[in-house]
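I have placed the structure first, in the form of structure tokens, so that the comments after it can refer back to it.
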Number of protein chains: 2
Amino acid sequence: MTDRPGLSKGEMEVARVLWSLGRASVRQVHEAFPPDREIDFATVQTYLRRLETKGYVTGEIQGRTRVYTPCVQPQSVIRESIHDFVDRLFGGETLPLVRQLIEEGDVSTDELAELRRLITRLEKQRKPEGQ
Amino acid sequence: MTDRPGLSKGEMEVARVLWSLGRASVRQVHEAFPPDREIDFATVQTYLRRLETKGYVTGEIQGRTRVYTPCVQPQSVIRESIHDFVDRLFGGETLPLVRQLIEEGDVSTDELAELRRLITRLEKQRKPEGQ
DNA sequence: ACCTTACACGTACAGTTGTACTTGGTCAAG
DNA sequence: CTTGACCAAGTACAACTGTACGTGTAAGGT
């Protein structure tokens, strides 16, 4: 598929922040980290540099500071990561994961209802004869 | 929680095979790999050794060969991995992952139906007054 | 008794990851 | 001009990973 090298744990962490900011300097990314997540400015800097060499973001000097912009949709990365994860843990089968997720009590009752609606919608969409 | 170091990609791969076998020698694990997955005997051996030092399996010499047995439930490992994954990609929120999984078309129509039943069951279970 | 096969165990080694220090330069305040 | 804050970019480095080779040894076939 896409030939980018995958993201490591830490890189993903930084990438997520950058996605949420859309476009930011190292400092902005650093400051956007949750306060309980202690991480050095230089570490963030390193991650951004690595993200750039891996082709996930682009950086351009803006005055005196380098400003980074994501150049890969989070959607793609997330999709790829999920795929990889499902492969590794469930041999590629999606259902067991979904089952585990909703059985393990991590999904609230409200969310269950929402899921049901989603399923209904999907079913309708797949079998358009219903009329 | 549990203080085992996490499993790497490759370790997970081997662990999954061992779980499926229940108890096996290096060779048996090696042979249980899908044929298209080329991996050296010695590599499997290394992984099993690492799994042992990480505390996921125990090995004992049985005659001339070392036989490994899982000593951690796959359930636990899977649960922990999922937790970690959800944290990393979705900041701890389960629903977005579930949504992505079933929207992305990775779930067949039959499976959708099964999911619906599962949801119904869970809902019933959570609100026992119904009736 | 000798060769072959199979394995345990130690060792290797480059690539990745997490984490950060260091050096050298720029801007702004005194 | 001098000092301090701030930053880019290079370098560091141990731990972890993926992958496997080498050595020694025991067991079975001939």
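By convention in this document, chain letters (A, B, ...) are assigned in the order of the sequence lines, proteins followed by strands, and residues within each chain are numbered from 1. For clarity, every value in this text was computed on a predicted model and none was experimentally measured.
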Checking dA6(C), dC9(C), dT19(C) against the side chain of Thr43(A) (C-beta onward), the nearest is dT19(C)

* Could you label the plane-to-plane angle of the Phe85(B) and Phe90(B) rings as parallel, tilted or perpendicular, counting under 30° as parallel and over 60° as perpendicular? => perpendicular

Tyr47(B) atom OH is separated from dA8(C) atom P, nearest whole Å, by 18 Å

Ile61(A) CD1 to dC27(C) P, in whole Å, measures 12 Å

Practice prompt. Give a yes/no on whether any side-chain N or O of Gln45(B) is located under 4.0 angstrom from OP1 or OP2 of dC7(C).
Written response: no

His30(B) atom NE2 is separated from dA8(C) atom P, nearest whole Å, by 13 Å

For Glu111(B), the salt bridge (Lys or Arg N to Asp or Glu O under 4.0 Å) test, sequence neighbours excluded, returns none

Out of dA6(C), dA20(C), dT19(C), minimum distance to the side chain of Arg37(A) belongs to dT19(C)

Would you say the side chain of Thr46(A) and the base of dA20(C) hold a donor-acceptor pair, judged only by whether the two atoms sit under 3.5 Å apart?
yes

- request: Would you please test Glu103(B) and Arg121(A) for salt bridge (charged side-chain N to carboxylate O under 4.0 Å, His left out) and show each step?
  value: CA-CA 10 Å; Glu103(B) 270 180 348; Arg121(A) 179 158 61 71; 3.6 Å; yes

Using only side-chain N and O atoms of Arg66(B), determine if any of them is under 4.0 Å from OP1 or OP2 of dC9(C). yes

Rounded to whole Å, NZ of Lys54(A) lies from C1' of dG18(C) at a distance of 12 Å

To the nearest angstrom, the CG-C1' distance between Leu7(A) and dG15(C) comes to 17 Å

Bounded by its outermost nucleotides with an atom under 4.0 Å from a heavy atom of chain B, the footprint on DNA chain D reads dT17(D) to dA27(D)

### Message
If the threshold is 4.0 Å, N to carboxylate O, is there a salt bridge linking Glu104(A) and Arg79(B)?
### Response
yes

With a 4.0 Å cut-off on N to O distance, would you call Glu60(A) and Arg23(A) a salt bridge? yes

Classify the nucleic acid contact of Thr65(A) as base, sugar-phosphate or nothing, counting any heavy atom under 4.0 Å across all strands shown.
sugar-phosphate

d(Glu80(A) CD, Leu7(A) CG) to nearest 0.5 Å is 9.0 Å

note: Leu48(B), atom CG; dC9(C), atom P; distance rounded to Å ~ 12 Å

message: Below the 4.0 Å mark, does dG18(C) have OP1 or OP2 next to a side-chain nitrogen or oxygen of Ser8(A)?
response: yes

Can you check whether any acceptor in the base of dT19(C) is under 3.5 Å from a donor in the side chain of Arg50(A), or vice versa? yes

The side-chain hydrogen bond (donor to acceptor under 3.5 Å, both in side chains) partner of Glu11(A) among Lys54(A), Arg50(A), Arg16(A) is Lys54(A)

Sorted by position of nearest nucleotide on DNA chain C, 5' first, the leading residue of Glu11(A) and Phe41(B) is Phe41(B)

Rounded to whole Å, CZ of Arg49(A) lies from P of dT16(C) at a distance of 16 Å

